[in-house]
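Notes follow the structure.
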Amino acid sequence: MGDFTVALNPPKTFGPEILPPINRISAAARGRVTKISFKPHGFRAIRASVMPSEGQQQSSLGDSLVNSPHRNHVVDVIRKSAISNCLSETNLHNTVPGLVSKTRGKVRDIYDAGDYLVLVTTDRQSAFDRILASIPFKGQVLNETSLWWFERTKQIVPNAVVSAPDKNVTIAKKCSVFPVEFVARGFVTGSTDTSLWTVYNKGARNYCGNVLPDGMVKNQKLSENILTPTTKAADHDVPVTPDEIIERGLMTRSDYEEVSEKALSLFEYGQQVASEHGLILVDTKYEFGKANDGSIMLIDEVHTPDSSRYWIASSYLERFQNGLEPENIDKEFLRLWFKSHCNPYEDEVLPDAPEDLVCELSWRYIFLYETITNSKFEMPLTGEPIHDRISRNVASALSSLK
């Protein structure tokens with residue numbers, strides 16, 4: 001694999017920059033808009049409707065994604081100032097008093113702070129159970145996107161968030177983590193070995209306890225949302241059925257049933273919010289834990305472009321009917337690039353992701369954040385090295401928690 005690691009305090013930093021918000025497009029101005037009608041654990045139908053009023057420009061979310069002054073400005077900033085300043089690694093245990101250990105995940109560096117965990121979301125980009133590249137501002141986008149969703153889903157399930165002292169950092173309560181990831185799906189799609197389309201295309205008609213009909217095609221909507229849980233084996237995800245989860249002692253039946261219900265409720269809510277912003281939340285994954293008092297908590301991340309697939313709603317139906325891939329705002333196009341240039345599961349050395357691809361993925365993550373939250377993405381306001389900034393903010397936050 002190419003070496004994407006950068007120094008903790010690289011000499012080149014970027015100065016103040018606040019990105020202007022995406023030009024908001026009214027429903028009438030989007031042209032044909034895909035409406036999604038929801039029902040419990042699924043949505044009924046997708047239909048095209050709403051034509052632009054006379055004299056209005058037929059702009060669309062898809063146009064804003066691929067060709068807009070805002071996109072060009074963001075990509076220019078990324079290319080000139082940020083691509084060499086990614087947060088690929090942290091070592092806060094060497095710079096922040098009170099951090100006793102570090103666990104390096106695919107994307108997050110997790111530090112033990114006694115009663116709390118300090119989760120630093122880096123710019124590392126993972127797929128196929130390995131690191132592919134580092135993507136500018138990705139860590140900030142994921143952290144701030146999750147925080148936005150955590151705040152809006154706490155009425156469905158409590159979460160572990162204590163505070164967010166830095167753009168890339170969340171301090172969380174400790175809990176007992178269930179060794180199962182709950183993958184919620186609304187469509188038959190995907191390109192990884194555990195994706196629903198991959199296994200379906202190989203002939204599977206019962207996947208993780210879900211019976212699937214014959215005759216489905218890639219990117220088709222399921223009749224209702226489903227869960228396809230996975231657990232870890234060595235360094236990769238393994239699909240499991242609900243019965244296997246309980247028989248292997250990974251969760252009790254009551255815990256599994258409660259978490260499953262919460263996962264589907266979270267997914268339905270996420271789909272509704274995405275639909276209101278012109279997007280389809282296609283699938284996502286959730287992780288849960290149990291607090292000391294026995295309550296279930298949502299942990300890790302929520303509805304981010306790393307943990308989820310998002311498609312642009314207005315073009316989905318037409319592209320699906322013509323056998324085209326949906327317009328996506330997630331890392332799927334990066335997965336597809338690597339699959340077309342190597343075997344990402346078996347090749348020991350992978351090609352470096354092209355700079356244009358890295359810039360495009362960074363832009364798409366920012367675009368999704370701005371589209372979902374209806375707010376502008378703010379880049380760091382000073383040229384302070386990222387690791388120094390994080391160290392200072394985490395140390396201050398931990399001292400206030402004592």
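Everything numeric in this text was worked out from a predicted model, so none of it was measured.
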The single option from Lys106, Lys138, Lys285 passing salt bridge (charged side-chain N to carboxylate O under 4.0 Å, His left out) against Glu301: Lys285
Sequence neighbours left out, cut at 3.5 Å: what donor-acceptor pairs do the side chains of residues 92-100 make with other protein atoms?
{"unit_1": "Thr95", "atom_1": "OG1", "unit_2": "Leu92", "atom_2": "O", "d": "3.4"}
{"unit_1": "Thr95", "atom_1": "OG1", "unit_2": "Ser391", "atom_2": "OG", "d": "2.8"}

Classify the ring geometry between Trp311 and Tyr316 as parallel (under 30°), tilted (30 to 60°) or perpendicular (over 60°).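 Parallel: the ring planes of Trp311 and Tyr316 meet at under 30°.
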Residue pair His70, Trp363: steps toward the ring pair (Phe, Tyr, Trp, His ring centres under 6.0 Å) verdict: CA-CA 10 Å; His70 181 57; Trp363 153 244; 5.4 Å; yes
Of the options Tyr310, Trp148, Phe267, Tyr286, which is the one that meets His303 in a ring pair (Phe, Tyr, Trp, His ring centres under 6.0 Å)? Tyr286
Would you say Lys173 has more than 12 foreign heavy atoms packed within less than 6.0 Å of its NZ? no
Determine whether more than 12 heavy atoms belonging to other residues, nucleotides or ligands lie under 6.0 Å from atom CZ of Arg205. yes
Could you tell me the separation between the OG atom of Ser308 and the CD1 atom of Ile329, rounded to the nearest 0.5 Å?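 Rounded to the nearest 0.5 Å, the OG-CD1 separation comes out at 12.0 Å.
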Roughly how far apart are Thr153 OG1 and Leu266 CG, rounded to 0.5 Å?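 If I round to the nearest 0.5 Å, the distance is 5.5 Å.
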Backbone N/O of Gly114 and side chain of Asp112: donor-acceptor pair under 3.5 Å: yes
Quick one: ring pair (Phe, Tyr, Trp, His ring centres under 6.0 Å) partners of Tyr200, sequence neighbours excluded? none
Heavy-atom closest pair, residues Tyr365 and Leu142: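 Result for this residue pair: CE2-CD2, 3.9 Å.
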Is there a side-chain contact (heavy atoms from CB on, under 4.5 Å) between Asp300 and Arg108? Walk through the geometry before answering. CA-CA 9 Å; Asp300 196 46; Arg108 287 168 183 81; 3.9 Å; yes
